[in-house]
Protein chains: 4
Amino acid sequence: MSARIQEPRSGGEPRRGETLIQQRNRKIILCAALDEFSAHGFHGASIANIARAAGLSKANLLYYFSRKEELYRALLTSLIDTWGVPLTSLDPDGDPREELLSYVRRKLQQTRTMPRESRLLANEILQGGPHLEGETLESLRRIVQSKTDLIRSWSAAGRIPHVDAPHLLISIWALTQNYADYDSQIRRLLGEEADISDTPQTFLETLYGSLLAS
Amino acid sequence: MSARIQEPRSGGEPRRGETLIQQRNRKIILCAALDEFSAHGFHGASIANIARAAGLSKANLLYYFSRKEELYRALLTSLIDTWGVPLTSLDPDGDPREELLSYVRRKLQQTRTMPRESRLLANEILQGGPHLEGETLESLRRIVQSKTDLIRSWSAAGRIPHVDAPHLLISIWALTQNYADYDSQIRRLLGEEADISDTPQTFLETLYGSLLAS
Amino acid sequence: MSARIQEPRSGGEPRRGETLIQQRNRKIILCAALDEFSAHGFHGASIANIARAAGLSKANLLYYFSRKEELYRALLTSLIDTWGVPLTSLDPDGDPREELLSYVRRKLQQTRTMPRESRLLANEILQGGPHLEGETLESLRRIVQSKTDLIRSWSAAGRIPHVDAPHLLISIWALTQNYADYDSQIRRLLGEEADISDTPQTFLETLYGSLLAS
Amino acid sequence: MSARIQEPRSGGEPRRGETLIQQRNRKIILCAALDEFSAHGFHGASIANIARAAGLSKANLLYYFSRKEELYRALLTSLIDTWGVPLTSLDPDGDPREELLSYVRRKLQQTRTMPRESRLLANEILQGGPHLEGETLESLRRIVQSKTDLIRSWSAAGRIPHVDAPHLLISIWALTQNYADYDSQIRRLLGEEADISDTPQTFLETLYGSLLAS
DNA sequence: CATGAATGAGAATTCATTCAT
DNA sequence: CATGAATGAATTCTCATTCAT
């Protein structure tokens, strides 16, 4: 898992017929774009900044992605896939409770190691997802579908208490996402001296642990 | 409570020394601004749009709020207060578990009746809160502080299971926020035909119910 | 002399039919305008600033001077007269050399006690005097005319060496003006540690003293 | 000397790494800017005007100088150097009196052939030099320093009468500047029919001639 | 592949001025 | 006398995008 999560981070697959230089540049651009878009949102981001960060001229950048939106979309597409990865390892043959708790752990870790990616997606979603096309989501949807089915079957078999599967997943996403994005802000909300004794992980385990306790 | 939440919605209290016209226009402007900012974010929003929506000339709008940022800040400030309201009704003398569950309910309702406000705050927070000044947060902080103390005392008295107070609140915020913002997107993620049997409220009650069960 | 130079400084004569309040406000406005216009030039000056400095509302200021230009013109007019005053005391019956040197002294002193006024006039003149109407200058012209005649008569009588009268006056104006306006800048040009041993007055007396020496 | 004064007039040296087009456009822009700024001052000048005069689009102009102030500064910088040129030819080995008088002549000529440049500098200086940075002045300062030393040495050696060196230079600047800037205005002040028999040059030679006469 | 040059459409402000009260 | 409210025109500057080389 960690390999796929860490490595290609932002790139999308190399396309056929591309020079090595082209592949390299695409990657560099997407990486710079991730920085910029996640920090300032779609409108706040500027192509000039991305080009500078990537060490290319604006015109050259636009040779690779001919419009701002195209670049943004490419970025989203490459992220959406990665985003779904932790879910795939949910094992039908494992212990249900253990499997789900370990999914929570994996998801939390992913969010924390990829805060920019998380922020970007959250931001896009906040705007109502105007740049996410249906097809982009299709494969993700399939995974989700199969896993909600799995959870439902566990539930039906009485191996975990009854719980609405989609809501369970959604809540996990929201809570883990939260720890990537809201972190610094939460400190400000609560004040620097707020005494938070538990780690996010401990808390989440307690929360989902008691939900899934028989 | 609901009165304060519904009514002034976006405006802040009328200030001393303000003409009637001023009060009216300030309200209209803030309302239009809420629409625009929550839909497009700070950078994506345009003063021209807000002015048009408010039925004023750009110059006239700037007569009331002399810069885009001032308008945005005024909006945030007026929202932050409202945002903290549901927390205030957490009653030290009530039944702990019942009190907390009903806070969840109130918070969820607030989020759903004020999706624009929620989106705006979330957006701001995602960017790292560059427009939120310390003082804006102070009163909110005080409420939060007193309520985390209350929860801790309940926990210490064994009236609810041990749970980290700040984390509990944070999780409630994240989850309820989620139902305002991510709703449509979640539908898209899961597919239109996804069968979600429970309502958000049912799910949240189950989740926090089991966490707080003795 | 000093009375007329010091006192009305910027005001113009009170007009018939004006309330006391009106007279007072006119004066205050002109005074504030002098500050602003002399500091930033015609274009750089803003009516809002002047109004604020005068403690009036913009609209009220425009009640007195209905356009920016009118205010500026009124200011210039009131200054031009004052500006010519030192020349009037040039005494046909005194010692020519002594009279001229003492005119230099008076002019220098005026410039230094009224730097804002000097700067304003110089600025206007630099732009080619687009706001100075012929009539404004008429009375000044008459004085100058009579005094150049006087100087010429002294020169013709051999009481001072031959020197072109208009040029003499012009040079005095330019040099004294210079000491009001260019002062700080000259320090910067020469460096803070420049050792200037003479005062402007000493230098000017030496310069004109040797020119007028028999 | 005159070559350097006439030729690059407004531009500064072409920088390394500049395209031919860039060099050309920079020159054209600076030239148009000189017209506009010298005529209306910094605030009165408009980028749109300059662009029109240069035959470029506003946006294209801003491609070369990304802000109004940058353009203005570039202009000033290129002028300041030129401005100091006549002083450099002051020859330690020549006849002191003759050298100084010929400096006056050179300076006067420069001022008259470059009235826009003179007006611009004078204007800037009148505002207190808010756009002149210390470094811009450094080289100029060095020249001035070496020349005041020279004059002082002449004075100490008794080859010219005692005169305060900085004051001497300052007076020359003020008087010559005056003939560029105040010319038309002086005509108006004195009236069209004023009989000015001497030329500026004659007058200045008389003035400084008598000051420097042994 | 890459880039310098150019641009049009808009962005936020500023500001003198007008109008009704 | 005085002012709050309103505005239109202009101004500086930004930015994604295009074009020619």
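Per chain, numbering begins at 1; letters A, B, ... match sequence-line order.
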- Query: Hey, does the side chain of C:Glu36 reach the backbone of C:Ile47 with a donor-acceptor pair shorter than 3.5 angstrom?
  - Reply: no

- Message: Please classify the nucleic acid contact of A:Tyr64 as base, sugar-phosphate, or nothing, using heavy-atom distances under 4.0 Å.
- Response: sugar-phosphate

- Query: For D:Gln23 and E:dG4, what is the distance between atoms CD and C1' respectively, to the nearest whole Å?
  - Reply: 14 Å

- Task: Please determine if a side-chain N or O atom of D:Asn60 lies less than 4.0 Å away from the OP1 or OP2 oxygen of E:dT7.
- Result: yes

- Message: Is B:Tyr63 close enough to F:dA6 that one of its side-chain N or O atoms is under 4.0 Å from OP1 or OP2 there?
- Response: no

- Message: Counting primed atoms plus P, OP1 and OP2 as sugar-phosphate and everything else as base, spell out the protein contacts along nucleotides 13-21 of chain E at 4.0 Å heavy-atom distance: B, S or - for each nucleotide, 5' to 3'.
- Response: BB-BBB---

- For the pair made of CD1 in A:Ile50 and C1' in F:dT14, what is the distance, rounded to whole Å? 15 Å

- Message: It should be established whether B:Asn49 places a side-chain nitrogen or oxygen under 4.0 Å from OP1 or OP2 of nucleotide E:dA11.
- Response: no

- Message: Please check this pair: side chain of D:Thr19 against backbone of D:Ile21, looking for a donor-acceptor N/O pair closer than 3.5 Å.
- Response: no

- Item | Partners passing salt bridge (charged side-chain N to carboxylate O under 4.0 Å, His left out) against C:Glu70 (at least two apart in sequence or in another chain) | none

- Message: A side-chain contact here means heavy atoms from C-beta on lying under 4.5 Å apart; do C:Glu117 and C:Leu120 qualify?
- Response: no

- Quickly work out the B:Arg26 CZ to F:dA5 C1' distance and round it to whole Å. 13 Å

- Task: Could I get the full list of ring-ring contact (aromatic ring centres under 6.0 Å, His included) partners for D:His131, not counting sequence neighbours?
- Result: D:Phe42, D:Tyr72

- Contacts of A:Tyr63 that satisfy side-chain hydrogen bond (donor to acceptor under 3.5 Å, both in side chains) - sequence neighbours left out: A:Gln22

- Taking CD from D:Glu70 and C1' from F:dT14, how many angstroms apart are they, rounded to a whole number? 15 Å

- Message: Wobble G-U and Watson-Crick pairs count when both distances are under 3.5 Å; given that, what is the 5' to 3' dot-bracket string of DNA chain F, with | for pairing to other strands?
- Response: .||||||||||||||||||||

- Message: For A:Asn25 and D:Leu61, find the nucleotide of DNA chain E closest to each by heavy atoms; which residue's nucleotide sits nearer the 5' end?
- Response: A:Asn25

- Atom CZ of B:Phe65 and atom P of F:dA6: how far apart are they, to the nearest Å? 13 Å

- By side chain to side chain contact (heavy atoms under 4.5 Å, CB included) - contacts of D:Ser57 (at least two apart): D:Ala59, D:Asn60

- Measure from CZ on B:Arg24 to P on F:dG4 and round the result to the nearest Å. 18 Å

- Query: Which pair of heavy atoms, one from A:Ile29 and one from A:Ile50, lies closest together, and at what distance?
  - Reply: O-CG2, 4.1 Å

